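Accompanying notes for the structure given below.
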Amino acid sequence: MGKIAVSCEEPALDSRIDPRFGRAAGFLIVDPDTLEFSYVDNGSSQAMSRGAGIQAAENVFRSGAKIVLTGYVGPKAFQSLSAAGIQIGQNLENMTVRQAIEKFKAGDVDMASSPNRMGHGA
Amino acid sequence: MKVAVASGKGGTGKTMVSASLVSVWRSPVIAMDLDVEEPNLHLFLHPEIKGKRTANMEIPVADESRCSQCGKCAELCQFKAISLMGKIILTYQEMCHGCGGCIAVCPEGALSPGYRELGEILWGRTNYGKFLMGRLRVGEAMSPPLMRQTKIRLTEMTDLNGTDVIIDAPPGVSCPAVNAVMDSDVILLVSEPTPFGLYDMKLAHQAFSQLNKPMAAIINRAGLGTSEMAGYCKSSGLEILAEIPYDRGIAEAYAGGRIIADIDGEFRKLFTGLADKIKSIPEASGRRGVPNG
Ligand code: SF4
Ligand code: SF4
């Protein structure tokens, strides 16, 4: 299974999920089998007035992740991730990164075929 | 002389002041609506539109078959309007600022210029002289490029040495507002004497002060609210050129798309007096008639 990028508040498996994809503090890039992880800072996106989601998508793409787990992905970031063939699981909130990975492994995350939030910059 | 009628926020009566000034102006004048997001000067001046053109901006169109995925375009674009995701080059039209940088930097000639429509520029005549406006396309977010093209149209319409221009500027202090007032000779700030009105006027006054242009205040709905506004104007050297009373006739004229200077002799006198005061303001040096930016 490919690596999973989870938007997070801190660089730890027990960090809370950051529900905002584009403006997440960072991404935990997790190997779902071994739970080994690395951290990708997303500060460069947070600082942008517009285009944060696109920048975040580029950051995720560079990490090599094939799957994204997060709260919501804006339309531009969605387009961008889809173009790169990255799968997107949304509507994950109020849980830790570890719980999100477990939920995903259990097959309980709907993989999205469209963005769940309109508006720019997300 | 170019007179910009601005305000710290919307709804202060900026457009009604612009329209009335145009109607009483004693020398040739062009009315120009640069509030391109919500132009409404035409609703009061009722111009006969004689011409229009579409304003476009250049944006990149990618030919994937020629792209070598070098990433130079995406690296250059600071607006994230073009992005390389793996083997795919993505353009986000609506975020593009039209700088042309990506097209210039692409080593493979994979990017060529296409167009995004910004809006339209319309011109014509009113009973009081020439009229010009820009109107942003619904969904378009970038006003300044359309405003620049509207200003270019202004120079085509007239020899600015013999004609004055009254500009209805966008409210606020953001980039479009600054763009509208930056090459005027005088900036008029229309405000209401309420606490919020005062707050917004202070912001506008401070922001526009950096342009080093003569500025003056017009108080609308005078008599409403506080006297703090007069205090602020006095202490910061902002002259109050006119106070427009709170009057039922104004609301009715406004709702009916009429000019308040036409309500009665008193109002007419108020605006002719205002126009004379504006004309006596010494112009900002060196910029006369040159559209800037
Ligand atoms: S024209 Fe300028 S703003 Fe538009 S995509 Fe190219 S580099 Fe970015
Ligand atoms: S600069 Fe040209 S060749 Fe390089 S990635 Fe962009 S479009 Fe492709």
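As the structure is a computational prediction, the values presented were derived from the model and not from experiment. Labels below follow one simple rule: chain letters A, B, ... track the order of the sequence lines, proteins then strands, and each chain is numbered from 1.
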### Query
Does a salt bridge link B:Lys202 with B:Glu228, judged by any charged N lying under 4.0 Å from a carboxylate O?
no

### Task
Apply the test side-chain contact (heavy atoms from CB on, under 4.5 Å) to residues B:Gln149 and B:Glu120: give CA-CA distance (whole Å), side-chain angles for both, the deciding distance (0.1 Å), then the verdict.
CA-CA 10 Å; B:Gln149 293 186 33; B:Glu120 54 182 6; over 6 Å; no

### Query
Under the side-chain hydrogen bond (donor to acceptor under 3.5 Å, both in side chains) criterion, do B:Asp168 and B:Ser18 qualify, and how do the steps go?
CA-CA 6 Å; B:Asp168 195 14; B:Ser18 307; 3.3 Å; yes

### Residues forming a side-chain hydrogen bond (donor to acceptor under 3.5 Å, both in side chains) with B:Thr150, sequence neighbours excluded
none

### Task
Before accepting this row, confirm whether a basic side-chain N of the pair B:Arg137/B:Glu117 lies closer than 4.0 Å to the acidic partner's carboxylate O.
no

### Task
Select all residues of residues 96-113 of chain B having any heavy atom within less than 4.5 Å of some heavy atom of chain A, and report them by number, or 'none'.
none

### Query
Can A:Arg23 and A:Asp18 be counted as an ion pair, charged N to O under 4.0 angstrom?
no

### Query
Is B:Glu140 paired with B:Arg116 through a side-chain N to carboxylate O contact shorter than 4.0 Å?
yes

### Query
What parts of residues 96-108 of chain A touch chain B if we use heavy atoms and a cut-off under 4.5 Å?
none

### Candidate pair B:Ile121 and B:Leu132, rule side-chain contact (heavy atoms from CB on, under 4.5 Å), full reasoning
CA-CA 7 Å; B:Ile121 299 169; B:Leu132 172 64; 3.7 Å; yes

#### Entry: Over 12 foreign heavy atoms within 6.0 Å of CD, A:Gln46
yes

### Task
Give a yes or no on this: more than 12 heavy atoms of other residues, nucleotides or ligands lie within 6.0 Å of atom CD of A:Glu93.
yes

### Task
Taking only Lys NZ, Arg NE, NH1 and NH2, and the carboxylate oxygens of Asp or Glu, determine whether B:Arg135 and B:Asp33 approach each other closer than 4.0 Å.
no

### Task
Residue by residue, scan residues 66-86 of chain B and write down, ordered by number, those that have a heavy-atom distance under 4.5 Å to chain A; if none do, write 'none'.
B:Gln78, B:Lys80, B:Ser83, B:Leu84, B:Met85, B:Gly86

### Message
Just verifying a value: how many Å separate A:Asp110 CG and A:Ile88 CD1, rounded to the nearest 0.5 Å?
### Response
13.5 Å

## Note on the structure
Output for pair (B:Leu41 CG, B:Met133 CE), nearest 0.5 Å, gives 8.5 Å

